[in-house]
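The next block holds one structure in the form of structure tokens; read it before the comments.
Chain letters run A, B, ... following the sequence lines, proteins first and then strands; every chain starts at 1.
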Amino acid sequence: MKSKLSARAALPNFVYLSIAILFLLLILVACGGESSSQKVTFAVFGDPAEFTAYENLVAAFTEKHPEIEVELQHIPGQSDYRQRLAAAFSSGEPPDVMLLNYRRFGAFADQGGLEPLGAYLEKSNIIQESDFFAPVINSFYLEGELWCIPQNVSSLVVYYNKDLFDAAAVPYPTNDWTWDDFLAAARALTLDNDGNGTIDQYGVGIEPSIFRLAPFIWQVGGELVDDQEHPTRLTIDSPEALMAFQWFVDLQVKEHVAPDAVNESAEEGESRFLNGRLAMYFNSRRGVPTYRTITDFTWDVAPLPQGETTASILHSDGYCMAKATENKDAAWTFIEFANSVEGQTLVAASGRTVPSLMSVAASEAFLAPDQPPANSQVFIDTIPTLRWVPITTTWVGVEETAGKEVERAFYGQISVEEAAATAISLAQPYFDKANADN
Amino acid sequence: MQPTIHNLLRLPKLSYQKRLWLLLLPYLLGILLLVLIPAAISFSLAFFRYDALSPPVWVGTLNFILAYTDELFTLSVHNAVSLVILPVPLRVFGAFLLARLLLRNGRFLNWFRAAVYLPSIIPGAAYALAWLWILNPLFGPVNLLLKAVGLTAPNWFIDPLWARPSLILMSLWQIGEGFLVSLAALQDIPADLEDAAAMDGANSYQMLWHVTLPLLAPILLLLSFRDAVLTFQESFTSVLLTTGGGPYYTTYTLPLFIYEQGFDLLSFGTASAALWVMYLLTGLIVLFLYIIARQWQIGTTDETFVL
């Protein structure tokens with residue numbers, strides 16, 4: 001009983017102290033977070049090797065414009081990135097400038113989250129719309145407005161491990177190789193080295209998604225959607241699309257030249273490529289900064305194998321400005337610098353981008369003859385064959401939903417017919433939503 | 001008189017009751033600012049179409065209808081509930097058994113107790129990544145061991161049949177809080193009771209079943225409530241990082257649905273509606289447990305039962 005009494009007597013000091021401290025903290029928190037008017041936050045996604053490129057860009061900008069402070073925010077994965085941005089927008093404090101993929105800016109632009117940049121570009125003395133490759137500028141137009149300034153115009157290409165090709169005595173891919181050439185190489189490069197019945201080296205690594213499948217559908221005359229400008233449904237159930245879909249899926253299901261579900265989850269295709277145990281990996285230019293860290297083997301890039309025609313798919317990210325930005329001029333100054341010849345040259349030198357400015361794309365900074373990939377010209381040559389997914393506000397939802405069906409088909413859990421039908425019906429609400437909004 | 005801050009500031013002497021309220025104040029403020037106000041906002045958001053970018057538009061109960069008619073929503077509720085029903089009894093009973101086992105003195109007792117508690121202090125993301133490795137179908141230690149002894153090794157997270165058991169298995173090791181509470185409660189049981197039972201010739205199983213367990217029932221019931229709420233709502237990190245809702249929606253749970261509606265599709269209205277359904281379901285689960293407890297007359301006749 002005595003001890004209880006003394007505990008009671010000892011309480012007040014602690015109580016008052018803790019409450020005092022708490023309120024002090026609350027006040028401190030409330031007062032913090034004020035930013036100076038000349039500060040610009042800039043959010044990017046990407047691997048650590050890519051991030052360095054943006055650090056260099058910001059450093060060069062600060063040197064030129066010491067009055068503007070740029071704070072770089074880095075989020076590794078692209079889908080985490082979008083969710084982080086959604087959270088930032090909903091809290092009312094989005095980054096002032098952000099890098100967004102052309103498939104993903106629509107949702108943010110549509111509802112007034114982004115500042116249209118067409119007027120800024122028109123007034124600029126440094127860059128003009130005609131300096132850019134046409135397809136990539138077009139992909140950032142939505143409802144008649146230009147929303148973001150594209151930094152790059154990448155395409156889907158095949159990264160291949162030259163050492164593995166040499167070891168298996170397979171000729172390197174040519175610029176006009178076909179699906180059959182590709183499959184033959186893939187078969188020859190899929191190996192069970194120690195003869196224990198499990199495959200140690202795969203020929204192909206490709207993400208089973210709508211985005212990776214699309215160029216193959218286009219190559220045989222199929223279409224992703226009924227109307228590129230105003231899509232109302234997926235059309236991957238056409239005979240042409242199904243044929244391409246079947247060929248794509250057969251790489252795993254029938255030919256086993258790509259890792260199955262278990263092997264893919266045990267180690268991702270890209271990691272296998274980096275470790276020299278996968279011969280051909282499909283990716284955009286984005287992979288280059290990371291692949292340049294490879295020291296164990298030499299690698300290069302080849303265009304996509306062609307079907308009846310050539311076609312590849314646009315990968316592009318643009319610099320977008322949040323509408324809520326307090327200092328739009330400072331934000332634009334940064335965007336303008338990043339997409340000037342100087343800024344694009346810096347990022348291109350890291351290997352990260354295929355520059356969207358035609359002059360930089362033709363420069364040594366991009367073609368970099370002394371650094372891999374030797375055949376960077378491939379990216380330039382493919383630009384005329386580039387196509388892109390529809391630009392709508394809900395496209396991400398379509399891709400994610402349909403992607404799950406593509407994945408199931410790729411791992412042999414359902415037929416391509418069933419996958420196409422399910423994907424179409426599950427993706428329909430997203431089309432309806434986008435069309436209802438307009 | 002001692003020169004304490006209290007004396008220096010000449011603060012008035014408050015009654016015990018008032019001092020308790022003062023002590024509670026920071027937490028009440030926290031609950032108000034971080035729980036009650038957001039909950040109220042999300043409840044009102046449920047009646048709007050809101051994408052976080054443009055002002056909310058009133059849509060009445062449309063969000064609830066949208067959520068209800070969405071196949072994924074129904075599926076996510078089903079998955080979330082099934083991921084609560086099995087692990088909660090296992091976790092609570094497991095914590096209790098371990099506490100009983102590690103109650104008496106023995107060598108390395110403190111080490112064992114620390115070992116049981118340790119997994120609970122690992123941050124959720126690190127814990128999930130560790131399990132991704134542990135249950136890696138080809139390179140993970142579990143499957144290497146299973147294969148070494150000639151058993152078939154399941155593909156765990158990527159097998160539609162095994163994905164849920166994998167998540168349950170993973171959750172069974174983070175039972176530190178339940179373990180500590182059970183341990184403290186067990187230490188409070190007077191030794192006389194067990195001595196008396198031993199005198200009457202009860203074996204250790206009978207002692208556990210007829211003496212210890214009934215005495216601890218109120219505590220275990222409370223732990224189950226807490227665990228059900230926790231498992232239902234906070235399984236999010238582990239699911240997102242290990243399976244991401246897959247393979248093919250088999251572990252797609254309600255928190256994941258809410259997250260995707262909100263931050264993926266910018267439908268914060270539908271997300272809020274689904275969130276409220278989750279609150280209600282949590283309430284129902286607790287009610288269900290309470291009814292079971294009443295049926296068994298656990299705790300209801302005991303003075304120490306607190307709710």
Side-chain angles (χ1 to χ4, degrees), chain A residues 8-23 25-26 79-80 82-92 94 107-114 198 260-267 322-324 393-394 396-397 400-401 404-405 407-408 411 413-414 426 429-430 433 437, chain B residues 2 4-9 11-14 16 18-27 29-30 33 49-55 66 69-72 132 135-140 143 153 155-160 240 243-249 252 259-260 262-268:
Chain A
R8 281 185 177 194
L11 262 174
N13 297 332
F14 167 68
V15 171
Y16 292 127
L17 250 178
S18 68
I19 291 168
I21 290 171
L22 180 91
F23 277 108
L25 277 176
L26 275 179
S79 84
D80 298 338
R82 231 168 39 78
Q83 288 147 358
R84 252 290 282 280
L85 282 185
F89 270 108
S90 63
S91 75
F108 295 112
D110 175 57
Q111 307 295 343
L114 297 181
T198 54
D260 58 19
V262 172
N263 276 285
E264 181 66 26
S265 94
E267 188 183 2
K323 190 154 208 138
T393 52
T394 56
V396 177
E400 284 183 1
T401 313
K404 292 202 168 86
E405 308 303 326
E407 187 176 334
R408 283 210 295 167
Y411 294 126
Q413 289 148 4
I414 49 174
L426 288 181
Y430 296 105
K433 185 164 181 257
D437 288 350
Chain B
Q2 275 180 302
T4 57
I5 288 183
H6 174 77
N7 296 328
L8 286 175
L9 294 178
L11 292 168
K13 203 109 181 110
L14 295 169
Y16 180 60
K18 280 183 179 156
R19 276 178 271 154
L20 277 187
W21 275 109
L22 264 179
L23 202 61
L24 264 175
L25 189 65
Y27 298 95
L29 263 180
L33 288 174
R49 189 177 73 197
Y50 182 52
D51 55 23
L53 302 169
S54 46
L66 278 181
T69 51
D70 193 328
E71 275 177 55
L72 277 183
L132 262 187
L135 296 182
N136 184 307
L138 294 186
F139 311 123
N143 274 12
N155 291 325
W156 303 110
F157 290 126
I158 59 157
D159 187 321
L240 184 75
T243 63
Y248 204 64
Y249 305 108
Y252 191 83
Y259 178 70
E260 285 194 353
F263 296 110
D264 237 16
L265 306 172
L266 300 178
S267 304
F268 286 95

How far does CH2 of W156(B) sit from OG of S265(A), to the nearest 0.5 angstrom?
-> 13.0 Å
N155(B) versus chain A, heavy atoms under 4.5 Å apart: side chain, backbone, both or neither?
-> side chain
Among the options E264(A), Q83(A), K323(A), R82(A), pick out the one with the most heavy-atom pairs lying under 4.5 Å from chain B.
-> Q83(A)
Looking at CG of L266(B) and OG1 of T393(A), how far apart are the two atoms once the value is rounded to the nearest 0.5 Å?
-> 10.0 Å
Looking at residues at least two apart in the chain, or sitting in another chain, which of them share a side chain to side chain donor-acceptor pair (under 3.5 Å) with E267(A)?
-> S271(A), N275(A), R277(A)
Side-chain touch S267(B)/K433(A), heavy atoms, less than 4.5 angstrom = yes
Region of L114(A) that comes under 4.5 Å of a non-hydrogen atom in chain B | neither
Can you tell me how far CG of L72(B) sits from OG1 of T401(A), rounded to the nearest 0.5 angstrom?
-> 7.5 Å
Return the option, out of S91(A), A86(A), G397(A), with the maximum number of heavy-atom pairs under 4.5 Å with chain B.
-> A86(A)
Which residue out of E400(A), R408(A), K404(A) racks up the most heavy-atom pairs below 4.5 Å with chain B?
-> R408(A)
Does any heavy atom of chain B fall under 4.5 Å from the side chain of F108(A), the backbone, both, or neither of them?
-> both
If you tally heavy-atom pairs under 4.5 Å between each of Y248(B), F268(B), F139(B) and chain A, the highest tally belongs to Y248(B)
